[in-house]
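It should be emphasised that the depicted structure is a prediction, and the values quoted were computed from it without experimental measurement. In what follows, every heavy atom counts, from backbone to side chain, and hydrogens, waters and symmetry copies are set aside.
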Amino acid sequence: MATAPKQTRITLHADVLVIGGGPAGTWAALSAAAKGAKVVLADKGYCGTSGATAPSGTGVWYVEPDEEKREAAMKSREALGGYLAERGWMQRVLDQTYTNMNDLALAGYPFPLDEEGLSYRRSLQGPEYMKLMRKRIKKAGVTILDHCPAQELLTDSHGIGGASGLQLNNGEPWTVTAGAVIIASGGCAFLSRALGCNVLTGDGYLLAAEAGASLSGMEFSNAYAISPTFSTVTKTAFYSWASFYYEDGTLIEGAGSQQGRSVIARTLQTQPVYACLDRTTDDMRQWMRTAQPNFFLSFDRLGIDPFTQKFPVTLRLEGTVRGTGGIHLTSESCETAVPGLYAAGDAATRQLICGGFTGGGSHNAAWAMSSGFWSGEAAAEYAAALGSRSSSREPKGLRSGLTTALVGSGDISDVIKAIKQEVEPFDINLFRTEAKLKQSLGRLNRIWQEIRYRSAAGVNSAVKLREAQAMAATGRWMYASALARTESRGMHKRVDYAGTDPAQHYRLLTGGLDTVWIKPDEASIVTGVSAG
């Protein structure tokens, strides 16, 4: 089915509404449609080109169904993640990812051949991948609403019943009533200019929290990625073969180690850092250009050879995009605690397969296609079970009753700048201490109160205000969780609690709007993987 007809105001009904058009959202739409559901997908950007996956290549956690290989794959990151992942979820993701990647091959994805002439299915090129996924969901009859950010969920006595938002092209509203809603809107990178992350501002987290859902793993949200200062590309795998230097050309010891990001961050606080991919061979250099062509575009444009010349680097915050926090799931079907509401991809917690640590692609890519597939099937079944009740529902917007007397006269960009000043600095978010976290959380609380009921004139201002609200809320959940975890585990590093505390071997839940709450996830205390 083609994109929605051009009209001023859009009012649609569907069995399943998917919010977000990245890998998780498109897999959710595809699997829901395969169950016979009428599906609408609303994307803040253009489905197929927006989000972190679309502009570049990504590895995929694809492992053949071999017992030894699967065991090694599951074990490889358990310690890094603080032993908070669960083997059952890992196994399910490995199974589903294997199936989905093979399905992509049948659908025409051009997987390359390895040295033995076999199809190599451990990576995907984002542009080809997402172009194919858009084509597939359109063929399946999914109605796509491009450039239509969701602004609020709709609800009634049965639970979630759709969502409404704004059309960026004409400023008019859109409304989709639905039997079930899947939030697949990605994580939150706080507008740090990381490649593909400009649409990832935590909007889905706020939508879910307003409906009463909780979040999990928000302390594991301080992922920073290496990037040239003159580029937004944050694909960091190639830096495994880099050396890092001070401005005078002296080697920075430890910058290329497992703890290298911390070494680089501490150095950047006082002076520039330079990198050079000088630990590569000629064969590797040719392979790199083929695997990640966009990595080299800015170098070529500036006439820099990154294999032989030093170039300045920085660390860009990717927050929960490469962290593991997100909306808490209550079942293997990717349900939340709110009836009719599901979550998938980076919008959902990835602790179930990653614990407290992950990186780019790999597990995240596998989780997106797997959780998207499961949520789509489950949401379709949930909507079908509503039967005749579905057509008689009249859900209302969760934010419709909010007082908007405090009309904002200030520039939204100033608010966004103030939020970024709390989440981007290394000495607050990366090198965490109780004093710094409390101070920053207090400032974020004040920002939240200032913009909580603010309204905005015009579609662009309204969308920016909603982004600011979502980022402020995300920062508060992050730091409240970071304060509650008085230890260092996974990517969460407390300078004042350097060790890992066995008594805190559990996942944390958080939520709340005006008042943020924190509590241990009792289920994780029972089912979490043993720490040794």
Spacing of T229 atom OG1 and L315 atom CG [to the nearest 0.5 Å]: 11.5 Å

Pairing donors with acceptors under 3.5 angstrom, does anything connect the side chains of T250 and D248? yes

Under 3.5 Å donor-acceptor, R70 side chain and V63 backbone: yes

Could you walk me through whether S50 and D43 satisfy the side chain to side chain donor-acceptor pair (under 3.5 Å) test, starting with their C-alpha distance in whole Å, then the side-chain angles of each, then the deciding distance to 0.1 Å, before giving a yes or no? CA-CA 8 Å; S50 66; D43 194 355; 3.0 Å; yes

Does any part of the side chain of L84, heavy atoms only, come nearer than 4.5 Å to the side chain of S524, both counted from C-beta? no

Between Y506 and Q504, is a side chain to side chain contact (heavy atoms under 4.5 Å, CB included) present by the stated rule, with each step listed? CA-CA 6 Å; Y506 49 73; Q504 296 185 54; 3.8 Å; yes

side-chain hydrogen bond (donor to acceptor under 3.5 Å, both in side chains) pairs touching residues 181-193, sequence neighbours excluded, are none

Main-chain N/O of R92 paired with Q96 side-chain donor or acceptor, under 3.5 Å: no

Whether over 12 other heavy atoms sit under 6.0 Å from K493 NZ: yes

May I ask you to decide if Q125's main-chain N or O and Y109's side chain share a donor-acceptor pair within less than 3.5 Å? yes

Basic-acidic side-chain contact under 4.0 Å: E467, K464: yes

Going by the salt bridge (Lys or Arg N to Asp or Glu O under 4.0 Å) test, which pairs reach into residues 216-231, not counting sequence neighbours? E219-R485

Give a yes or no on whether the backbone of T336 and the side-chain of T330 come within a donor-acceptor separation of less than 3.5 Å. yes

Would you say the side-chain atoms of S440 pair up with the backbone N or O of L437, donor to acceptor, closer than 3.5 Å? no

The residue among R507, M478, Q351 that forms side chain to side chain contact (heavy atoms under 4.5 Å, CB included) with F220 is Q351

Backbone of E335 reached by a side-chain donor or acceptor of S333 within 3.5 Å: no

Partners passing ring-ring contact (aromatic ring centres under 6.0 Å, His included) against F244 (at least two apart in sequence or in another chain): none

Are more than 12 heavy atoms, taken from residues, nucleotides or ligands other than E71, located less than 6.0 Å from that residue's CD atom? yes

Is the backbone N or O of P228 less than 3.5 Å from a side-chain atom of S231, with the two atoms forming a donor-acceptor pair by type? no

Where the side chain of S488 meets the backbone of R494, is there a donor-acceptor pair that is under 3.5 Å apart? yes

Taking the side chain as everything from C-beta on, heavy atoms only, tell me whether R136 gets closer than 4.5 Å to T26. no

Give, for atom CG of L191 and atom NZ of K420, the distance between the pair rounded to the nearest 0.5 Å. 6.0 Å

Hey, could you give me the CD1/CG distance between I264 and L268, rounded to the nearest 0.5 Å? 7.0 Å

Set of ring-ring contact (aromatic ring centres under 6.0 Å, His included) partners for F426, sequence neighbours left out: Y224

Roughly how far apart are N364 CG and T58 OG1, rounded to 0.5 Å? 7.5 Å

Compare all side-chain heavy atoms of P23 with those of M130 and state whether any distance is below 4.5 angstrom. yes

Could you pull out all residues at least two apart from N294 that satisfy side chain to side chain donor-acceptor pair (under 3.5 Å)? none

State whether the side chain of N100 and the backbone N or O of M369 hold a donor-acceptor pair below 3.5 Å, judged by distance alone. yes

Which heavy-atom pair separates L509 from S216 by the least distance, and what is that distance? CD2-CB, 3.8 Å

Verdict with reasoning, R432 to N222, per side chain to side chain contact (heavy atoms under 4.5 Å, CB included): CA-CA 10 Å; R432 293 170 164 179; N222 54 343; 3.6 Å; yes

Does Q269 CD have over 12 foreign heavy atoms under 6.0 Å away? yes

From NZ (K235) to CD (Q292), nearest 0.5 Å: 6.0 Å

Can you tell me which residue pairs pass the side-chain hydrogen bond (donor to acceptor under 3.5 Å, both in side chains) test with a partner in residues 311-323, sequence neighbours excluded? Y205-T320, S227-R316, T234-E318, T236-R322, E318-R322

Do F311 and F230 make a side-chain contact, defined as non-hydrogen atoms from C-beta onward lying under 4.5 Å apart? yes

Which ring-ring contact (aromatic ring centres under 6.0 Å, His included) pairs, counting each pair once, include a residue from residues 270-292, with sequence neighbours left out? F238-W287

Can you tell if the side chain of Y342 reaches within under 4.5 Å of the side chain of L329, non-hydrogen atoms only? no

Residues that F431 engages under ring-ring contact (aromatic ring centres under 6.0 Å, His included), provided they are two or more places apart: none

Locate the shortest heavy-atom distance separating L124 from L104; write the atom from each residue and the value. CD2-CD1, 4.1 Å

Side chain of Y239, backbone of A275: donor and acceptor closer than 3.5 Å? no

Would you mind checking if R122 and E64 are paired as a salt bridge, meaning a charged N to carboxylate O distance below 4.0 Å? yes

Between F295 and L277, does a side chain to side chain contact (heavy atoms under 4.5 Å, CB included) hold up when you go through it step by step? CA-CA 12 Å; F295 179 92; L277 305 178; 4.0 Å; yes

N-O pairing of D203 and R466 below 4.0 Å: no

Looking at residues at least two apart in the chain, or sitting in another chain, which of them share a ring-ring contact (aromatic ring centres under 6.0 Å, His included) with H363? W61

Can you tell me which residue pairs pass the salt bridge (Lys or Arg N to Asp or Glu O under 4.0 Å) test with a partner in residues 345-364, sequence neighbours excluded? D346-R350

Side chain to side chain donor-acceptor pair (under 3.5 Å) between Y62 and N102, intermediate numbers included: CA-CA 10 Å; Y62 174 90; N102 294 340; 3.0 Å; yes

Distance-minimising heavy-atom pair for H505 and G82: CD2-O, 3.8 Å

With a 4.5 Å cut-off on side-chain heavy atoms, are L508 and M218 touching? no

Distance-only donor-acceptor hits, side chain of residues 296-304, under 3.5 Å, sequence neighbours excluded:
{"residue": "D300", "atom": "OD1", "partner": "R289", "partner atom": "NH2", "Å": "3.1"}
{"residue": "D300", "atom": "OD2", "partner": "R289", "partner atom": "NH1", "Å": "3.2"}

Can you list everything that forms a side chain to side chain contact (heavy atoms under 4.5 Å, CB included) with Q271? Sequence neighbours excluded, please. Y246, T267

Taking atom CZ of R489 and atom CG of D501, what is their separation to the nearest 0.5 Å? 7.5 Å

Between S243 and R279, is the side chain to side chain contact (heavy atoms under 4.5 Å, CB included) condition met? List the steps. CA-CA 7 Å; S243 300; R279 296 165 54 201; 3.5 Å; yes

